[in-house]
Amino acid sequence: MATIEYVLGDITEQEVDVIVNAANSSLLGGGGVDGAIHRKGGPEVLDACRKLRAGHYGGGLKTGQAVATPAGRLKARWVVHTVGPVWSATEDRSALLADCHHNALKVAKSLGARSIAFPAISTGIYRWPVEDAARIANAAVRDAGIELIRFVLFDEKTLNAYRP
Ligand code: ADP
């Protein structure tokens, strides 16, 4: 059984094998978590993302998919980039948000990672209501087959929503 932790903090400070990035499909950086990871991770992360774009991910990373790069100057070993769905009031995109978590875990396990930190994917710039994102994320990481899963939440409201 995995240990699941909920902490208030900055995902870029986590000492875990894998940090999950709430990326955008371009893989070339953005705001929120993405911007912070690229700022602290430095050029090694961006270069690896550029190489992905030049290769198999020429069209970018699709929503719900996940891909790994080295973590550069971060304390983690890898960054696993995943693209959350933008919230829609008219279309149910919950399965894509669950996919982000499933696919990030799958990539992490394929790397031999034993610990992984997730941000509150899609709840920032992509506007997903926090309570709902928390429910989907918690369900998706259940029975994950990895030793430690840590949700790193940036504010008290999000922490309280994610923590059961
Ligand atoms: P998305 O585009 O998937 O919505 P964001 O990066 O905009 O992703 O936001 C996702 C969540 O991460 C939001 O709750 C935001 O407050 C939070 N966040 C922003 N920066 C950090 C950080 N450095 N560490 C942890 N969480 C962060």
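For ligands, and for the atoms within them, numbers begin at 1 and follow the listed sequence.
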Handout entry: Test of proximity, D155 against ligand 1: N or O pairs below 3.5 Å
Key = no
Completion exercise
Here the atoms of ligand 1 under 4.0 Å from any heavy atom belonging to G32 are 6 (O), 20 (N)
Practice task
May I ask you to identify the nearest protein heavy atom to atom 7 (O) of ligand 1, giving residue, atom name and distance to one decimal place in Å?
Solution key: I125 N, 2.9 Å
Practice task
Return the residue, atom name and 0.1 Å-rounded distance of the protein heavy atom closest to atom 22 (C) of ligand 1.
Solution key: F154 CE1, 3.4 Å
Exercise for the section: Using distance alone, determine whether A36 and ligand 1 share an N or O pair under 3.5 Å. Expected result: no
Practice task
List the closest protein heavy-atom neighbour of atom 24 (N) of ligand 1: residue, atom name, distance to the nearest 0.1 Å.
Solution key: I11 N, 2.9 Å
Practice task
Looking only at distances, please establish whether an N/O atom of ligand 1 is found under 3.5 Å from an N/O atom of D10.
Solution key: yes
Practice task
Kindly say whether D17 contributes a backbone atom to a donor-acceptor pair with the side chain of S115 at under 3.5 angstrom?
Solution key: yes
Would you mind writing out the side-chain donor-acceptor pairs for residues 43-51 within the sub-3.5 Å range, not counting sequence neighbours?
none

Problem - Nearest-0.5 Å distance that lies between atom NE2 in H81 and atom CG in L28 - result: 10.5 Å
Exercise for the section: Distance to 0.1 Å, residue and atom name: give those for the protein heavy atom nearest to atom 14 (O) of ligand 1. Expected result: T123 OG1, 2.8 Å
Problem - Interatomic distance, H56 atom NE2 to L61 atom CG [nearest 0.5 angstrom] - result: 10.0 Å
Problem - Validation row: K75, E13 side chains within 4.5 angstrom (heavy atoms) - result: yes
Exercise for the section: Find all atoms of ligand 1 within a distance of less than 4.0 Å from any non-hydrogen atom belonging to G9, and give their numbers and elements. Expected result: 24 (N), 25 (C)
Return all side-chain donor-acceptor pairs below 3.5 angstrom for residues 121-130, not counting sequence neighbours, or 'none' if the list is empty.
from, atom 1, to, atom 2, distance (Å)
S122, OG, P85, O, 2.8
T123, OG1, A120, O, 2.8
W128, NE1, D132, OD2, 3.0

Practice task
For A22, counting its heavy atoms only, list the atoms of ligand 1 lying under 4.0 Å from any of them.
Solution key: 3 (O), 8 (O)
Handout entry: Contacting atoms of ligand 1, where contact means under 4.0 angstrom from a heavy atom of V33
Key = 6 (O), 12 (O), 18 (N), 19 (C), 20 (N), 21 (C), 26 (N), 27 (C)
Handout entry: Polar contact flag for G31 and ligand 1 (N/O pairs, less than 3.5 Å)
Key = no
Handout entry: ligand 1 to Y126 polar contact by distance, N or O atoms, under 3.5 Å
Key = yes
Handout entry: Close N or O approach (G124, ligand 1; < 3.5 Å)
Key = yes
Practice task
For a side chain to side chain contact (heavy atoms under 4.5 Å, CB included) with V16, tell me which candidate from V18, I19, V20 qualifies.
Solution key: I19
Exercise for the section: Evaluate whether atom NZ of K40 has more than 12 neighbouring non-hydrogen atoms of other residues, nucleotides or ligands under 6.0 angstrom away. Expected result: yes
Exercise for the section: Step through the shown structure and confirm whether more than 12 heavy atoms of other residues, nucleotides or ligands are within 6.0 Å of CD on E15. Expected result: no
Practice task
Indicate yes or no for a side-chain donor-acceptor contact from R53 to the backbone of G58 under 3.5 Å, with no hydrogens or angles considered.
Solution key: yes
Practice task
State whether the shortest distance between N or O atoms of T158 and N or O atoms of ligand 1 falls below 3.5 angstrom.
Solution key: no
Problem - P119 N/O under 3.5 Å from ligand 1 N/O - result: no
Fill in the blank from the handout: protein heavy-atom neighbour closest to atom 11 (C) of ligand 1 works out as A120 O, 3.3 Å
Problem - side-chain hydrogen bond (donor to acceptor under 3.5 Å, both in side chains) partner of Y6, the single match among N160, N138, T158 - result: N138
Practice task
Around atom 3 (O) of ligand 1, find the nearest protein heavy atom and jot down its residue, atom name and distance.
Solution key: S122 N, 2.8 Å
